[in-house]
Amino acid sequence: MSHFDFAIPLQKDELLEAHAGQYHVEDVVQPRLLLSKLQDAARAYNSDGVNYILEHFDTYFSIIVHGNKLEWNIINKGFDHIVRAAKNLCNHLELIFQDQEIDTDVRIKNLNVVKMTMYLFTQVMKTKDTKLAADNSTKLTLGKKGKKATDDEEFCGWTESDKQAALITLHLVLQQPLSRLWDPPLAEDNFVSMVADPCYKALEEQIIKNKVIRETVFQVLGVLIKKYNHGTSCLIKLVQVLQMAEHAVSPICAGVVQLTKDFGLGTFGPQMVREIAEALASTDEENAGAGTEQGAAKNCGAFLLELTKELPKEMTGAIATIQPYLESDESYTLRISVLGMMCEVLSVELRGEGLTDQQRAQRDDFLDDLYEHMHDLSAYVRHKVLQFWCRLQRENCVPVSRQRTVLERAIGRLRDKAALVRKAAIQLLKVFLECNPFSAQLKLEMLEEQLQTEEKILDELQKKLNPGPDPDLVKKWEKIEKDVVKIIKEKMDILTQDEPELSQASLENLYEAIRKNIREKNYYKAYLIVKHTERQYPDAKLLRLDMEKSDQIEYFIALLRNIFIIPDRRNSITHTQQCENEIALYKRIEEKENIIAFLQESVHFSRMVSEAVPLINSLLMSKQAGDVSEAIDFFTTAHHFNIESAKTGVVNMLMLVWSPDQDKREAVERAYRAMYVEGEERAERARAAGAARRLAALAARLDAGAALALHHLVRLWLQRTDLTPAVIQVFWEMFLKKIDGTTDMESYAALSLLVMIAKAKPSVALANLEVIQSHGLTAEYEYRNLSVQLLLSLATKNQRYPADHSIFTSVYDSLMEAYLKFNSFMSFAANSVDFFYAVCDTPDVLCTKLLAEMYKKIKETTVNDNDSEEEASMPIELLIRFIFVLGQVALQQLIYLDISVYSELRRRNQVREERKIEEKKKKKAGTFATPARRGRVDDLRRQTLMNVSGASASSRGQRSASVTSNKAPSTNTTMTEDDTGLEGAVADDADAEYVRNVCERDIVGDGTTLARYLPLLRWLLSNPARCTPPLQAAAALTFTRFMLVSNSVCEEGLQLMVTVLKRSKNVSLRTNLTIAFADLTLRFPNLTQPWTHHIYHILSDEELEVRQCAVKMLSFLVLHEMVRVKGQIADMALCCADKDPRVANMTRLFFKQLSQKGNALYNVMPDIISRLSDPELNVPEEQYRVIMKYITSLIQKDRQMEALVEKLCQRFKLSTEERQWRDLAYCLSLFNYNERSLRKLIENLDCYKDKLHCNGVMECFTTLMNSTSKMARNEIKTLVTELGDKIEECFAVRDGEEGEGDAASAAATEAAVRATPRRRPAPRRPRRRSSSSPDENEPPNNDATPQSVRKSSRKPTRTRKAVSYDSDESDEEEQKEEDVFKKPAIKKATRRRKL
């Protein structure tokens, strides 16, 4: 059968065609006969071996022809036969290949066997793949999935293990020297492509992720490349697979590494790079203009980067092939991959000092590319490049000469718009800090001092090496200079000959000869020697010959002078000593120059980092969590390197402990624990001392807000035992200065930290009472103040001490001493009074004694200063302090009664109730009190007890009226749950009433200790000219505290308080009164309500502090529903454009929060617009637009916008000024219009059509139409067109009227102008106090107006709602039609009068 030649077909149908000398299939077996034919083939194999394929090829070919139509068992059986034949073929060929020469017939026969076997092997594999894919597609359509699908795959007999076994068999066959079967011994391409096809098919499937399969595939490909010249085809095919299959990136990379290392194909990787570059180039041409990220480029980029990591040496030279793609903007992922390849090569291959010139040039080229792409167009590329620089700097691969420029550009990236880039830039700066080659301490001042010191030393060394002119010689030269000039002028033109004795002289000898002749006054001889010396400097001689004669004279004079005045050092030392000294000086100078260069770089580096600190500091408040976390890490690192400017950032990030983001809070806590608590010391005492010193240094530079944040951290550290007792002990020793070298600042900071610790752990103060008494309360004022704060922590232990306790005596004596002697007093006094009321069991007795003693001292001082009591002058400072203590005592007495006493009364009442319940339980235990009922009563009592500590008499007063009406006794002999709760509530109300009566009657009521000073306070406030500003401020503060205590005092004093607030010029006084007004509003809202409008006037005050305080106070009251939102809110809106940015930002935040409270902002919008456009207010138009642009942006609901559009259109009827028209039109142009709002605008065209002739109005409507039609639906565009047509019609009508005659036009205009004022009721503007009319937007001539007014005016009276955000502009029709504008439900108890 060797008379034919088996030609491998491109298509299987080619084998069905007969060609001369070639094998063709004669009979395709029918599917029903295949099993029997396969059995015949098996018997033939047993008898003939592998040669059986020559006779039975058609049987197996029939499997390929029928394909998916066959059952799996038939295909699997045929494939098993072929695999068995292929394995046996290896043994068969080994025997043949043992001969050096193979007979031609044997060669051709075995070649046909090999071709036919491998053809069937590969094609049946392909058939099985096709049938499996078809079956899976059918199962997916039918909904089969999961484990069932896997079982079916195992049933079909074509699993991963089966494919793996087939590939191994293929590898075994190809390991034979099959090329010997061809003549010449070179396998045909069709055969090689055929046997390689299963490998590429495996690469396209997920099975390639299997390591064994992947290694087998590339073993096959390696054999094909080495033995069968398949390299070029393999490259092309691998790149094609790489572009299509993302999952093949890693397997192909591992395969290329395997080919490189196992088969010695070192150039295969670079060849892959070139092939990828060509493939991407052709892809770019085909997809030109697509502008989308291509998957092929992404896969290729990932492959290149991964391959470079595995084979950096081989890929170093190949990067140049792909480098041009850095200039392309098509694929940012490809640019990232190329730059990543450069980074990988730089970190592995192109590093160190032993680089060749070519490698150094390549390194610089790669670094230049990385540097340039820090400004790449893509934020992802910039982010990745910064990360690459981080890696290079961390691995010391960045030359020192480049670090400065890289750092400068990284600092610039801190302003990047992309958060990813900013985050990476901060990381790079942190890495530069951690890996800086300069110093572990980068304190700029210290480095600058070292640099100055070294520069001075260098100057001195240079002077020793090159000494300056000798002053004595300079004087001598000045005496002989005229003679020298004269001689040279006279004899300069004389021709001379060279003197032979000078031709062999050295330069030093020539200089000495010149000096000698000058000393001997032989000036001409010295001049000749200078000319001779000039020959050794030919350039100087050429330069001189070009000079004028006068310039040449000056030239020679200068040379002679310089030679003469420089002293000759050889006079004092020998030539050998001189050389040795000069060599030593040169070495020292070189050392110092190196040190100075190093210090200069250090200083520059520290300055650059310091310049970056403000930018990173601003990122601490960023909304991006990544910015904040990286900024915290940077400041933590900068703190360890002692960068002075970073201390501000370290303090600022302390405020992040109040952040709502838990991650930020935890990051700050970790950073501060690492910086200040944890130490590297091994001994516990040393570690505690180090932590204490660091914390004391931190506390010494914190302000009040930061100290509060630190207190929060200290409490966390105590809970986690990070602050050990050893650290606390060191704080006490620092406070007492028992540790050597402790400064006053450190002692004070240690005491402040002990205050923070004691607030979280009161036992710290309780265990050291004697130390506090003996050292704290007897020291300077600041220590006394902190000591009282330390004692205040005892209040958390809920234990009170008798008034004669030694600690109260110590505080009392210390306070009286400060009262009489110290310059400061207020803070210490306030803390002391707070301490008395927090810890003493009878604080009123103690404070009465304190006030009496203070008054006595005032009286004594007054009498002692003057003999005549009638003309005696009061000690102002003592009086101020006394008045301050009066107010503090009144305030603390109120708090004491309202919380402490009331809680104690409730506790006692609860105990009595429990006893009563227990007694009744005992009497009726068997009748009514079932276990379930007892459990419910216990639960009720337990819940009541839990609420005792948080209650106060003031809050209880809100609910007293609703309970007292239910005091009727129950007819049942057994208490029910409701009766129990009701009786407790009645008792609580009685206690609250008792406390209120005590506050009203026994604190500042008639005949009390404090009440006797009320006339004094009123007199001081009423007569500011007769008292100092501090005295009046103290009186105002105390008077407002008296008002807080008593309802009657508040009612009587409000007029005086507001009068002082409006007339006083004392900023601090007015600020305190504004804050006090807010406190009074919270306690007595009904009393302060008539006076609230005075506070709105303060918003326009000239003083910044007063405006800030008013904005804060009104924002608080309005947002907490303690002040009615009226038209006066427009005064608040003016602050949105305040000249101070802090006031503007606070106001904007207020309106943003107000917009989130239902319809509150919508309801007052018409009032704001009308008020701000009022000509009497005269708000600048630019300022008006800034305000309205912000406030209007807060209206987000479509229905609210629709209603506002209609309201603003109606406002055109009431407006008379052109400025008002422009303002209303501008507000209309700010809305985002939908179909309904546009229809409203069109329907109300009559309201504003006569205003369109104004240029400003028409511009706003043009802007409105242009902005609305952009990116809008067709329906909206149609409405915009309709609006534009109607406006054009209005102008056309107007032009037609003008054409009739100027007189008619003027008359019509005059009539229109006269019509507008009649619609505005003139007396309503000055008379209106608040916008209480719901229909003031409508003309007065409307018949329904009186009825509407009557209905809306009665409505609030009926509902008796104290606080409401309803608009006085919202009419009834809108409230009926639109539920969104209904009045929000407000609890009736919100504004109930507190008795």
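Since the structure is predicted, the reported quantities are computational estimates derived from the model, not experimental observations.
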Exercise for the section: Evaluate the side-chain contact (heavy atoms from CB on, under 4.5 Å) criterion for residues K237 and L203: first the C-alpha distance (whole Å), next the side-chain angles of each, then the deciding distance (0.1 Å), finally the verdict. Expected result: CA-CA 10 Å; K237 193 63 180 177; L203 286 172; over 6 Å; no
Looking at [atom1] of [X] and [atom2] of [Y], how far apart are the two atoms once the value is rounded to the nearest 0.5 Å?
X: K298; Y: I336; atom1: NZ; atom2: CD1; result: 10.5 Å
X: H24; Y: L15; atom1: NE2; atom2: CG; result: 10.0 Å
X: L339; Y: Q323; atom1: CG; atom2: CD; result: 9.0 Å
X: L242; Y: M272; atom1: CG; atom2: CE; result: 6.0 Å
X: I63; Y: K128; atom1: CD1; atom2: NZ; result: 10.0 Å
X: R274; Y: T267; atom1: CZ; atom2: OG1; result: 7.5 Å

So for atom [atom1], which belongs to [X], do other residues, nucleotides or ligands contribute more than 12 heavy atoms lying within a distance under 6.0 Å?
X: E246; atom1: CD; answer: no
X: D103; atom1: CG; answer: yes
X: D189; atom1: CG; answer: no
X: K87; atom1: NZ; answer: no
X: E71; atom1: CD; answer: no
X: K227; atom1: NZ; answer: yes

Handout entry: Salt bridge present between R391 and E344 (N-O < 4.0 angstrom)
Key =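 Answer for the salt bridge query: yes.
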Problem - Sidechain N-carboxylate O distance under 4.0 Å for K201, D129 - result: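 Not counted as a salt bridge, because no side-chain N and carboxylate O are separated by less than 4.0 Å.
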Output yes when a side-chain donor or acceptor of [X] lies under 3.5 Å from a complementary backbone atom of [Y], and no otherwise.
X: N210; Y: V212; result: yes
X: R382; Y: H373; result: no
X: N136; Y: L132; result: yes
X: N88; Y: G49; result: no
X: Q362; Y: T316; result: yes
X: K109; Y: N51; result: no
X: R363; Y: Q359; result: no
X: D162; Y: T159; result: yes
X: R180; Y: Q100; result: yes

Looking only at non-hydrogen atoms, find the nearest pair between [X] and [Y] and report the distance.
X: A85; Y: V50; value: O-CG1, 3.6 Å
X: K77; Y: L35; value: CD-CD2, 4.2 Å
X: F121; Y: A86; value: CD1-CB, 4.4 Å
X: A279; Y: Q243; value: CB-NE2, 3.7 Å
X: I64; Y: T127; value: CA-OG1, 4.1 Å
X: E94; Y: Q176; value: CG-OE1, 3.5 Å

Does some side-chain heavy atom of [Y] sit less than 4.5 Å from a side-chain heavy atom of [X]?
X: Y228; Y: V195; value: no
X: V83; Y: D80; value: no
X: Y200; Y: Q240; value: no
X: D5; Y: I108; value: no
X: E310; Y: C253; value: yes
X: F191; Y: M194; value: yes
X: L311; Y: K261; value: yes
X: L238; Y: F268; value: yes

Exercise for the section: Classify the angle between the aromatic ring planes of Y332 and Y380 as parallel (below 30°), tilted (30 to 60°) or perpendicular (above 60°). Expected result: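 Judged by the thresholds at 30° and 60°, the geometry between Y332 and Y380 is parallel.
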Problem - Aromatic plane relationship, W158 with F79 - under 30° parallel, 30 to 60° tilted, over 60° perpendicular - result: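 Geometry flag for W158 against F79: perpendicular rings.
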Problem - Donor on one side chain, acceptor on other, Y60 and H81, under 3.5 Å - result: yes
Handout entry: Flag for S193-N190: side-chain donor and acceptor within less than 3.5 Å
Key = no
Practice task
Could you tell me if the ring centre of F57 sits under 6.0 Å from that of F6?
Solution key: yes
Handout entry: Trace of the side-chain contact (heavy atoms from CB on, under 4.5 Å) decision for V114 with L181
Key = CA-CA 9 Å; V114 170; L181 297 176; 3.7 Å; yes
Exercise for the section: Test V273 against every option in T308, I319, I322 by the side-chain contact (heavy atoms from CB on, under 4.5 Å) rule and name the one that passes. Expected result: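 Option passing the side-chain contact (heavy atoms from CB on, under 4.5 Å) with V273: I322.
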Exercise for the section: Under the side-chain hydrogen bond (donor to acceptor under 3.5 Å, both in side chains) rule, what do E306 and S250 come out as? Steps first, then yes or no, please. Expected result: CA-CA 8 Å; E306 193 169 346; S250 296; 3.3 Å; yes
Handout entry: Verdict with reasoning, Y23 to D58, per side-chain hydrogen bond (donor to acceptor under 3.5 Å, both in side chains)
Key = CA-CA 11 Å; Y23 179 85; D58 295 359; 2.6 Å; yes
Handout entry: side-chain contact (heavy atoms from CB on, under 4.5 Å) between D135 and W72, intermediate numbers included
Key = CA-CA 11 Å; D135 291 352; W72 273 110; 2.9 Å; yes
Practice task
Please report the C-alpha distance between V192 and S233 in whole Å, then the side-chain angles of each, then the deciding distance to 0.1 Å, and finally whether the side-chain contact (heavy atoms from CB on, under 4.5 Å) criterion is met.
Solution key: CA-CA 10 Å; V192 176; S233 301; over 6 Å; no
